[in-house]
Amino acid sequence: GESVGLHLPTLSVQEGDNSIINCAYSNSASDYFIWYKQESGKGPQFIIDIRSNMDKRQGQRVTVLLNKTVKHLSLQIAATQPGDSAVYFCAETNNYGQNFVFGPGTRLSVLP
Amino acid sequence: ETGVTQTPRHLVMGMTNKKSLKCEQHLGHNAMYWYKQSAKKPLELMFVYSLEERVENNSVPSRFSPECPNSSHLFLHLHTLQPEDSALYLCASSRGLTNTGELFFGEGSRLTVL
């Protein structure tokens, strides 16, 4: 999930497959992380969050993994569907607070 | 529907125009934010308001002027903008400033400066 030049990294997956979107965060003091989904023409929508005292959290079809040692966050989407096509952002903050720092985003394309 | 409503959704203006973006949140939150989303950059925080008091101004040029008349409404007044200000402007709210979880975003106002 890191910026490559001026273009958003893109992940293309076959419908029904699992997707893994990655994010490297910068601040070792960050203690709260969120994944957002942004569909074309819409604002970012909350998907799932995780606090730094956890390594893994599961939602409906989504799992977030946190590796504090290497400052890495990932979002796993099971059985990817066409409606999952969007840009996915990670966001980090410390003190569970308002100064969120957002990653550049990864575009997920679901192929029929 | 996130409970955060932005108007207008699209705005085209000349560099000498004055316009305003409006945001309203129906969530009973105490903090509101303006973010700028450009095609080639991550989301950039512009302003933060808590209980109608501005608590952060992230080195934003004075041609952007925020206003928060109450905890439910937030405006961004625009004056003498530049073409590079063309972007999606997102409003967000949260329950408070700290220890309050995620931001709730509106759909954004797409601004084009000619």
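Proteins get letters first, then strands, A, B, ... in listed order; numbering begins at 1 in each.
By the neighbour-count criterion of 12 heavy atoms within 6.0 Å, atom NZ of B:Lys41 is sparsely surrounded, having that number or fewer from other residues, nucleotides or ligands. Counted within 6.0 Å of CD on B:Gln82, heavy atoms from surrounding residues, nucleotides or ligands total more than 12; the atom is thus considered enclosed. Surrounding CD of A:Gln60 are at most 12 heavy atoms belonging to other residues, nucleotides or ligands under 6.0 Å away.
Counting heavy atoms from C-beta outward, B:Glu102 and A:Tyr32 have side chains that approach closer than 4.5 Å. At a threshold of 4.5 Å between non-hydrogen side-chain atoms, the residues B:Leu43 and A:Gln38 do not count as touching. Annotation: side chain of B:Tyr35 is in contact with side chain of A:Phe100 (closest heavy-atom distance under 4.5 Å).
Residues A:Phe102 and B:Pro42 come closest through the heavy atom pair O-CB, 3.5 Å.
In this structure, B:Glu107 contributes its side chain and A:Lys42 its backbone to no donor-acceptor pair below 3.5 Å.
Contact annotation for B:Gln37: only side-chain heavy atoms (C-beta onward) come within less than 4.5 Å of a heavy atom of chain A. Neither the backbone nor the side chain of B:Arg110 has a heavy atom closer than 4.5 Å to any heavy atom of chain A.
B:Val60 and B:Val48 fall into different hydrophobic clusters, where Ile, Leu, Val, Met, Phe, Trp and Tyr are joined by side-chain heavy atoms under 4.5 Å apart, directly or via other members. With hydrophobic clusters built from ILVMFWY side chains whose heavy atoms lie under 4.5 angstrom apart, A:Leu75 shares a cluster with A:Val110. With hydrophobic clusters built from ILVMFWY side chains whose heavy atoms lie under 4.5 angstrom apart, A:Trp35 shares a cluster with A:Tyr25.
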